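The structure under discussion appears below in the form of structure tokens.
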Amino acid sequence: MEVAKVLIDGRWETAHSESTFHAENPATGETLAQAFPVSGWGDCNRALAAASEAASGMRTMAGEQLADFLETYAVNIESAAVAIVEAAHEETGLPASPRLKDVELPRTTNQLRQAAAAAREESWKRPTLDVERNIRSCFAPIGPVIVFGPNNFPFAFNGISGGDFAAAIAAGNPVIAKAHPLHPHTSQLLAEEARKAVVSTGLPSGSVQMLYAMSNEKGLRLVSDPRVGAVGFTGSRTGGMHLKRAAEDAGKPIYLEMSSINPVIFLPGALAENAGALSRELVDSCLAGAGQFCTSPNLILLWDGLETESFLESVSSAFQERPAQPLLSCAGRNQIEHGVKALIDATAHLVTGGKPMEGVGCRYANTLLRASGAQFLAHPHDLQREVFGNVTMAVTIANVEELKAILSLLEGNLTGTIYSAKSGADDAIYDQIEPLLRQKVGRLLNDKMPTGVAVSPAMNHGGPFPATSHPGFTSVGIPASLTRFAMLQCYDGVREDRLPAVLRDKIENASTWRLIGSDWVRG
């Protein structure tokens with residue numbers, strides 16, 4: 001059987017592969033026909049060489065040309081949408097409509113266009129001019145970027161089309177994408193549209209490259225190679241930590257999104273006002289995408305009492321009534337089973353679910369567990385374990401002091417949510433717990449579920465470790481996300497005609513900081 005080729009230096013090349021693999025259809029359990037290569041170091045080395053050459057050409061490239069590529073790529077994706085959506089549906093089991101066709105694909109092309117606007121406008125470079133001393137600085141491309149895409153968003157976070165890809169290109173860097181092995185054909189189709197856009201807009205041939213898979217050893221060697229500028233990764237905590245050590249040992253910045261249980265707190269007044277609607281909101285959020293969102297609520301904190309018991313009974317009933325959706329893979333189902341067992345071993349009580357579903361495809365029963373605040377405080381590490389899927393744990397607390405103690409022991413998370421009474425009945429409690437939760441999460445929400453990450457300049461899709469590797473950066477939110485893939489460059493006494501255009505005296509840019517006398521002013 002013919003093995004798919006890898007995209008290296010603008011061409012689809014036969015891989016120097018060590019082995020091959022096949023994707024599966026998780027909705028049916030069927031192994032798909034196309035074989036894909038597991039690349040050896042020869043492929044990695046060729047891609048790095050081409051990316052290094054491309055970086056030289058992209059370093060001085062006008063933002064307009066980078067923007068043209070990103071916009072052309074977005075148009076190409078839309079033109080090929082039928083085939084791309086069909087492939088992703090087959091490889092992930094996610095609904096073709098509305099999830100893939102009507103939600104994720106438009107989100108992907110939207111963020112490519114937002115990245116194009118940032119590349120064209122250039123405020124992300126943060127030009128700063130001390131004209132009197134002739135010292136000037138701005139952000140500039142860092143060099144070849146390796147992007148590892150996750151399993152759960154085949155378009156919007158794909159290594160070859162997602163937010164990290166868009167940000168790295170907009171900042172002027174070539175990208176070597178490492179596709180996720182759960183959706184290789186989808187990635188192949190996206191990469192072809194990117195290749196066409198490279199050709200039509202005149203970017204260097206090594207600007208966009210893609211490998212499907214490699215051994216762990218080769219992946220660690222890749223991120224630590226001297227030719228690499230930076231690394232973006234979205235995936236498991238275990239995989240991310242291995243890459244983090246390798247990259248940092250080599251002095252390479254690596255931006256990781258790894259693990260989050262996204263605590264949701266229901267204060268007493270909120271449940272008293274609207275328990276029925278809130279239970280439906282919670283169930284919808286927990287089970288969206290079979291719970292395979294990085295912002296899915298895995299930890300629910302509620303006051304102990306009759307209102308809470310009724311609320312949890314409603315949630316449990318809905319979990320039982322709703323059909324379990326296909327997971328992204330049967331390996332994911334096995335990981336859920338292992339994670340649920342670990343929570344039960346750590347004293348959590350199983351309310352409903354807790355077992356694989358029989359029949360066709362990769363499914364696990366919608367699962368609700370619970371524990372008391374005292375149990376959580378006795379086992380804080382083990383009971384805040386992320387289980388990536390349709391699994392949620394409720395913790396009932398005795399009083400505000402117990403809740404504050406729990407919040408103080410939480411690890412870093414992407415999101416944290418507080419539901420409080422509209423009447424103001426919960427305001428005193430809110431004022432006590434908000435400062436504790438605020439320091440543990442990248443995005444704080446009130447009275448809304450955390451699933452769904454808007455592609456907005458104000459969005460922070462990041463957070464303290466282990467949600468990410470650095471709390472000062474975001475993977476969603478342009479132009480802020482671009483600076484992950486940039487280096488700060490300073491020019492001291494450099495002649496006007498030798499400066500980047502964005503640092504010259506005549507530049508008119510509202511984002512430029514200038515030192516005039518003793519005052520810093522914009523523009």
Side-chain angles (χ1 to χ4, degrees), residues 260-288 291 293 295-319 321-322 348-349 351-352 366-377 383-384 390-410 413-454 463:
S260 187
I261 59 173
N262 306 299
V264 174
I265 303 169
F266 290 103
L267 297 184
L271 286 191
E273 283 182 354
N274 208 3
L278 295 184
S279 71
R280 290 189 292 273
E281 281 187 39
L282 178 62
V283 171
D284 288 345
S285 184
C286 291
L287 301 186
F293 286 2
T295 53
S296 183
N298 287 165
L299 177 65
I300 315 304
L301 297 158
L302 317 93
W303 252 248
D304 199 4
L306 294 177
E307 192 79 51
T308 287
E309 292 305 316
S310 176
F311 178 84
L312 291 179
E313 184 177 330
S314 176
V315 172
S316 175
S317 295
F319 270 40
E321 291 166 4
R322 294 201 186 183
H349 168 67
V351 177
T352 188
N366 301 326
T367 298
L368 177 66
L369 302 108
R370 63 180 296 179
S372 67
Q375 286 173 299
F376 189 96
L377 291 173
L383 287 179
Q384 59 182 306
N390 49 335
V391 176
T392 297
M393 184 175 71
V395 173
T396 53
I397 57 171
N399 51 51
V400 69
E401 294 304 319
E402 189 169 78
L403 176 56
K404 288 163 66 177
I406 289 171
L407 295 180
S408 71
L409 293 173
L410 287 183
N413 282 274
L414 294 171
T415 73
T417 301
I418 304 174
Y419 278 84
S420 60
K422 291 180 171 57
S423 67
D426 294 322
D427 286 1
I429 301 175
Y430 182 95
D431 290 344
Q432 293 184 65
I433 66 172
E434 188 272 350
L436 292 170
L437 183 62
R438 175 64 280 182
Q439 290 304 111
K440 300 288 187 174
V441 303
R443 177 165 55 115
L444 177 70
L445 300 97
N446 274 183
D447 307 325
K448 62 184 291 190
M449 287 295 160
T451 39
V453 181

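Since the model is a prediction, treat every value here as computed from it, not as a measurement. Note that these values count all heavy atoms, side chains included, but never hydrogens, waters or copies made by symmetry.
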Handout entry: Derivation and outcome, side chain to side chain donor-acceptor pair (under 3.5 Å), residues Thr451 and Ser285
Key = CA-CA 6 Å; Thr451 39; Ser285 184; 2.8 Å; yes

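- Between Ser296 atom OG and Leu414 atom CG the span is 11.5 Å, to the nearest 0.5 Å.
- A 4.5 Å side-chain heavy-atom check between Pro268 and Glu307 finds every atom pair outside the cut-off.
- Each of Val395, Val351, Thr392, Ile300 was scored for a side chain to side chain contact (heavy atoms under 4.5 Å, CB included) with Arg370, with one residue passing: Val351.
- Glu402 and Thr396 get closest at one heavy-atom pair: OE1-O, 4.2 Å.
- For the side chain to side chain contact (heavy atoms under 4.5 Å, CB included) with Ile418, the lone residue among Val264, Ile433, Leu301 that qualifies is Ile433.
- When all heavy atoms of Ala348 and Ala371 are compared, the closest pair comes out as CA-CB, 4.4 Å.
- Atom CG in Asn390 sits 11.5 Å away from atom CG in Leu368 (nearest 0.5 Å).
- Taking CG of Leu278 as the start and CZ of Phe311 as the end, the distance is 6.0 Å to the nearest 0.5 Å.
- Counting non-hydrogen atoms of other residues, nucleotides and ligands closer than 6.0 Å to CD of Glu313 gives a total of 12 or fewer.
- Within the 4.5 Å cutoff, the side chain of Trp303 has heavy atoms near those of the Ile397 side chain.
- Counting heavy-atom neighbours within 6.0 Å of Glu273 CD, excluding the residue itself, gives a total above 12.
- Scanning for salt bridge (charged side-chain N to carboxylate O under 4.0 Å, His left out) contacts around Asp427 gives an empty result, with sequence neighbours left out.
- Residues Ala421 and Asp426 share a closest heavy-atom pair of N-OD2, 2.7 Å.
- Listed for the Tyr419 side chain is a donor-acceptor partner under 3.5 Å among the backbone atoms of Met449.
- With hydrogens and angles left out, the side-chain atoms of Thr415 and Thr295 include no donor and acceptor closer than 3.5 Å.
- Taking CG of Leu444 as the reference point, atom CZ of Arg438 lies at 5.0 Å (rounded to 0.5 Å).
- With hydrogens and angles disregarded, a donor-acceptor distance shorter than 3.5 Å links the side chain of Asp447 to the backbone of Ser420.
- Rounding to the nearest 0.5 Å places CG of Asn366 at 8.5 Å from CZ of Arg322.
- Contact check for Phe376 versus Leu410: side-chain heavy atoms found under the 4.5 Å cut-off.
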Practice task
Start with the C-alpha distance between Asn413 and Arg443, add both sets of side-chain angles, then the distance that settles side-chain contact (heavy atoms from CB on, under 4.5 Å), and finish with yes or no.
Solution key: CA-CA 9 Å; Asn413 282 274; Arg443 177 165 55 115; over 6 Å; no

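- Of all the heavy atoms in Thr367 and Phe319, the pair that sits closest is O-CE2, 3.3 Å.
- Between Ile406 and Leu377, the closest side-chain pair of non-hydrogen atoms falls below 4.5 Å.
- No donor-acceptor pair closer than 3.5 Å links the side chain of Asn262 to the backbone N or O of Pro450.
- Of the possible polar contacts, none joining the Thr308 side chain to the Gly305 backbone as a donor-acceptor pair under 3.5 Å is found.
- For the pair Leu437 and Pro263, the minimum side-chain heavy-atom distance is below 4.5 Å.
- Contact record, Lys440 with Leu407: CE-O, 3.2 Å, taken as the closest heavy-atom pair.
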Handout entry: Audit row: Ile261, Met393, side-chain contact (heavy atoms from CB on, under 4.5 Å) steps and yes/no
Key = CA-CA 10 Å; Ile261 59 173; Met393 184 175 71; over 6 Å; no

